[in-house]
Participant: 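Would you mind keeping the following structure in view while I ask a few things?
Note that ligands are numbered from 1 as they come in the structure, with each ligand's atoms numbered from 1 the same way. Along the sequence shown, residues are numbered consecutively beginning with 1.
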Amino acid sequence: MNDLRKVIEQLVRQTLLEMNHSETDLKPMVHAGTSLNTAHHYGKRQPLVAANWKMNQLSGTARSFMSDFQLRDRKNIQTLICAPHILLPVLAAGKNQPDLMLGAQNFYPEQSGAFTGEHNLDMLSDAGVQSVIIGHSERRNLFGEGDELLAKKLAMAVENKFLPIFCIGETLKERQDGATFRVLRNQLLTGLSSLKNPLPNPEMIVVAYEPIWAIGSGLTATADQAQEAVSFVRERLADRFSYSYANSIRILYGGSVNEKNASTLAAKPDIDGFLVGNASLDANKFSSIIEQTAACKRKVFVS
Ligand code: 13P
């Protein structure tokens, strides 16, 4: 009965969504600073801070990062390190904290075969990996990964029980042209379009909002800008699935996050953690971001 209700709810929402095409309709229904959240829902989402090392580190620096990083205690927060493929076995060998997850920055969505230079999910699993980044703007823009491929990757990662970090974000020009919400909605909905029923637990899907103009630029979105975009994304997830499902999906912010701005951003109710580039290469800075996020989320939940 519950399942039937969910299917009907989803169909109605999807139909309404498809009828709404004007930019006005794409504005968030709630103000920046407010959200679908209640403290109750909020408490259901475990904060997550993920490192995206991109094309950085060597085996020696990766090993010393692991030993420094694991000296710090992390409570009430999930942590993930997404490293270059070749460093994943190095990290797996040095990992002694079972709750610390390893992630890859890419994979190819086929079982096996003639795909020179690629890695499949079995290989990643074999190397101790539980999570994958999908749709990062650098893969979209530098390597031409399009919506269809990304949707296939997301569906395959979910089916194989990997934790996907699905990235979306607008360019500076798109923001200046007032197209941010349209871009986010399109990237999100096309990405989700190949997911099959039964849907996974919502804790097993993570979305990362990464405005392209904030990546590696030192320009962080303000906490209000990030909250506005992230709460818009949560509303679209509610349209696509249901309010309760959307309220259990974690949405991260990424783009020049560092140990100085993390707590202001983490204080926003819809931001469930971060995807961190540059600042994640340093075990102390990354640990500080994690600790501040955990402390901030604990405070919001308790108050
Ligand atoms: P920076 O934190 O270096 O801006 O990178 C963000 C990012 O792209 C994470 O995926």
Participant: Just jot down the ligand 1 atoms closer than 4.0 angstrom to any heavy atom of K54, in number order.
Facilitator: 5 (O), 6 (C), 7 (C), 8 (O)

Participant: At a 4.0 Å threshold, what atoms of ligand 1 neighbour a non-hydrogen atom of N278?
Facilitator: 1 (P), 2 (O), 3 (O)

Participant: Backbone or side chain, does any N or O of G277 fall under 3.5 Å from an N or O of ligand 1?
Facilitator: yes

Participant: Are any of the N or O atoms of N52 closer than 3.5 Å to those of ligand 1?
Facilitator: yes

Participant: Assess the side chains of Q78 and R250: does a donor N or O sit below 3.5 Å from an acceptor N or O?
Facilitator: yes

Participant: Tell me whether T61 contacts the main-chain N or O of Q57 through its side chain, where contact means a donor paired with an acceptor under 3.5 Å.
Facilitator: no

Participant: Would N106 and K153 count as a side-chain contact (heavy atoms from CB on, under 4.5 Å) here? Give the steps.
Facilitator: CA-CA 9 Å; N106 187 31; K153 283 184 167 193; 2.6 Å; yes

Participant: Pull out every atom of ligand 1 sitting under 4.0 Å from any heavy atom of G255, numbered as shown with elements.
Facilitator: 4 (O), 6 (C)

Participant: For atom 7 (C) of ligand 1, what's the nearest protein heavy atom and its distance?
Facilitator: E210 OE2, 3.2 Å

Participant: Considering the heavy atoms of L275, write down every atom of ligand 1 situated less than 4.0 Å from one of them.
Facilitator: 9 (C), 10 (O)

Participant: Looking only at distances, can you tell me whether any N or O atom of H136, backbone or side chain, sits closer than 3.5 Å to an N or O atom of ligand 1?
Facilitator: yes

Participant: Angle between ring planes, Y245 versus F241, binned at 30° and 60°: parallel, tilted or perpendicular?
Facilitator: tilted

Participant: Can you tell me if CG on L172 sees more than 12 non-hydrogen neighbours from other groups inside 6.0 Å?
Facilitator: yes

Participant: Check if A214 has a non-hydrogen atom at a distance under 4.0 Å from any atom of ligand 1.
Facilitator: yes

Participant: Other residues, nucleotides and ligands only: do more than 12 of their heavy atoms fall within 6.0 Å of CD on E159?
Facilitator: yes

Participant: Hydrogens and angles aside, do E291 and S287 bring a side-chain donor and acceptor to less than 3.5 Å of each other?
Facilitator: no

Participant: Below 4.0 Å from any atom of ligand 1, is there a heavy atom belonging to G216?
Facilitator: yes

Participant: Return yes when G254 approaches ligand 1 closer than 4.0 angstrom through a heavy atom, no otherwise.
Facilitator: no

Participant: Centre of F232's six-membered ring, under 6.0 Å away, within 45 degrees of the axis: is that where NZ or CZ of R234 sits?
Facilitator: no

Participant: Atoms of ligand 1 less than 4.0 Å from S256 heavy atoms?
Facilitator: 1 (P), 2 (O), 4 (O)

